[in-house]
Trainee: 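Dropping a structure here in structure tokens format, bear with me for questions.
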Amino acid sequence: MARVRVEYFAVLRERAGCREEELDTQAGSARALFAELEARHGFPRLPSLQVAINEEFRDWDSPVSDGDTIVFIPPVAGG
Amino acid sequence: MARVRVEYFAVLRERAGCREEELDTQAGSARALFAELEARHGFPRLPSLQVAINEEFRDWDSPVSDGDTIVFIPPVAGG
Amino acid sequence: MPAQFTLSRARLDPAALGCLLADDSCGALVAFEGRVRNHNEGRPVVRLEYEGYEALAVKEGTKVVNEALARFRIEHAGCVHRLGPLALGEVAVWAGVSAHHRDEAFAACRYIIDEVKARVPIWKKEFYADGDSGWVNCNIR
Amino acid sequence: MPAQFTLSRARLDPAALGCLLADDSCGALVAFEGRVRNHNEGRPVVRLEYEGYEALAVKEGTKVVNEALARFRIEHAGCVHRLGPLALGEVAVWAGVSAHHRDEAFAACRYIIDEVKARVPIWKKEFYADGDSGWVNCNIR
């Protein structure tokens, strides 16, 4: 069991209804954690999605550990 | 015999020692007129040269006519 | 140029930003301004809002600018992106490059704006004339 | 943009020039500034002088800008070239293009500056640190 902080931006922030949340998870990877939250918040299916752990882009198979800050990154649209 | 005005710029202006001159010429073409003036002013050999008659780029074989304004254009170097 | 990639909630001043790149050894300066358009994919747009994951955006944007400095023969480069609400015509992103020669300045400026748009975690919400709104590129499938 | 190509004996103001291209329909503005460098082909340069065959320069420069407007999907374009004496770091030439999309803005801006440099009858005299001077591209053979 890991206690992590998840921050939400843009369309995911609006769907989650919050900017961030702390939660306990048994997810073994970023992918599993997203699946857990997707079901809970009813996230939309996006054309693409990336994940960052502790301010670094990471692979979806990366483990999530106690104290991590996780951000799911919808398709970017700067400029 | 045609009376023409020749304007000089940049390196040709410096060599001719004047910005413009009026002259009578029997030159049958812009090329022949340049040869005449080149000999008189001792113009340098340039990597390239164009000619304009009455504010239009023209062919070296173009005739020069009474009242024409002729400009010999050394290699340009804007910017 | 003190910082190579920054975020700003205040209006951008392209002239002042260009000055940061000036240098007597540089013959060429190329600058790109991305402005808020009054339309997108055929829909009239009335305003925009940009949101960023700021810590990672600055990291990734700085990486992009440093890549440009390493890949091209340029002297200085920088990029600034707005966050928050923007009106039509406002400058949303500015990228500028100075170099000894223009070839490299054009190529590097293009590289920076392309990579920033593709990689930096910033999102754009468009507000349309009909009252609707939406996050760009996030169309639900 | 009232005139598409002009000559100026006064300092250029790139910010003001960029504003002339602004338009709420245009998402992209690309601007090029050519500045007086402190060196050329290894020789220290202290100042420059530009001379132009003004009537033909304006004609040919306007033709270049109109070609860009015809060849690329752009909205506005303009170019201004300085004449007379210039100090180090001053802007000798400015070219700017606005468009709906950046691809076309970059390509058109590049086209304008390349063609202006190659075709417009303007000449540059460089004054070197050693007291010598010379007309660029006019090396005697």
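Here is how names work: the chains are called A, B, and so on, in the same order as the sequence lines, proteins then strands, and each is numbered from 1. Not measured: the values here are computed from a predicted model.
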Trainee: Determine the minimum heavy-atom distance between R37(C) and H101(D), stating which atoms define it.
Mentor: NH1-CE1, 3.5 Å
Trainee: For the NE2 atom of H100(D) and the CG atom of N38(C), what is their distance to the nearest 0.5 Å?
Mentor: 7.5 Å
Trainee: What part of N40(D) gets within 4.5 angstrom of chain C, counting heavy atoms only: side chain, backbone, both, or neither?
Mentor: neither
Trainee: More than 12 heavy atoms of other residues, nucleotides or ligands under 6.0 Å from NZ of K59(D): is that the case?
Mentor: yes
Trainee: Does R43(C) have more than 12 heavy atoms from other residues, nucleotides or ligands lying within 6.0 Å of its CZ?
Mentor: yes
Trainee: Could you walk me through whether S25(D) and H39(C) satisfy the side-chain contact (heavy atoms from CB on, under 4.5 Å) test, starting with their C-alpha distance in whole Å, then the side-chain angles of each, then the deciding distance to 0.1 Å, before giving a yes or no?
Mentor: CA-CA 7 Å; S25(D) 78; H39(C) 64 281; 4.1 Å; yes
Trainee: Checking heavy atoms, do the side chain of D114(D), its backbone, both or neither come under 4.5 Å from chain C?
Mentor: both
Trainee: Please state whether the rings of F32(C) and F106(D) are parallel, tilted or perpendicular, taking 30° and 60° as the class boundaries.
Mentor: parallel
Trainee: Out of C26(D), P14(D), G27(D), A95(D), which one racks up the most heavy-atom pairs below 4.5 Å with chain C?
Mentor: G27(D)
Trainee: Measuring from R110(D):CZ to R102(C):CZ, what's the distance to the nearest 0.5 Å?
Mentor: 5.5 Å
Trainee: Could you check which of C109(C), A92(C), G96(C) has the highest count of heavy-atom pairs closer than 4.5 Å to chain D?
Mentor: C109(C)
Trainee: Between G18(C), A15(C), A31(C), which has the largest tally of heavy atom pairs under 4.5 Å with chain D?
Mentor: A31(C)
Trainee: Write down the atom of A22(C), the atom of R35(D), and the distance for their closest heavy-atom approach.
Mentor: CB-NH1, 3.7 Å
Trainee: Show your working on side-chain contact (heavy atoms from CB on, under 4.5 Å) between L21(C) and E33(D) and close with a plain yes or no.
Mentor: CA-CA 11 Å; L21(C) 304 176; E33(D) 295 176 22; over 6 Å; no
Trainee: Using heavy-atom distances under 4.5 Å, tell me whether D23(C) contacts chain D through its side chain, its backbone, both, or neither.
Mentor: neither
Trainee: Please flag which part of V30(C) lies under 4.5 Å from any non-hydrogen atom of chain D: side chain, backbone, both or neither.
Mentor: both
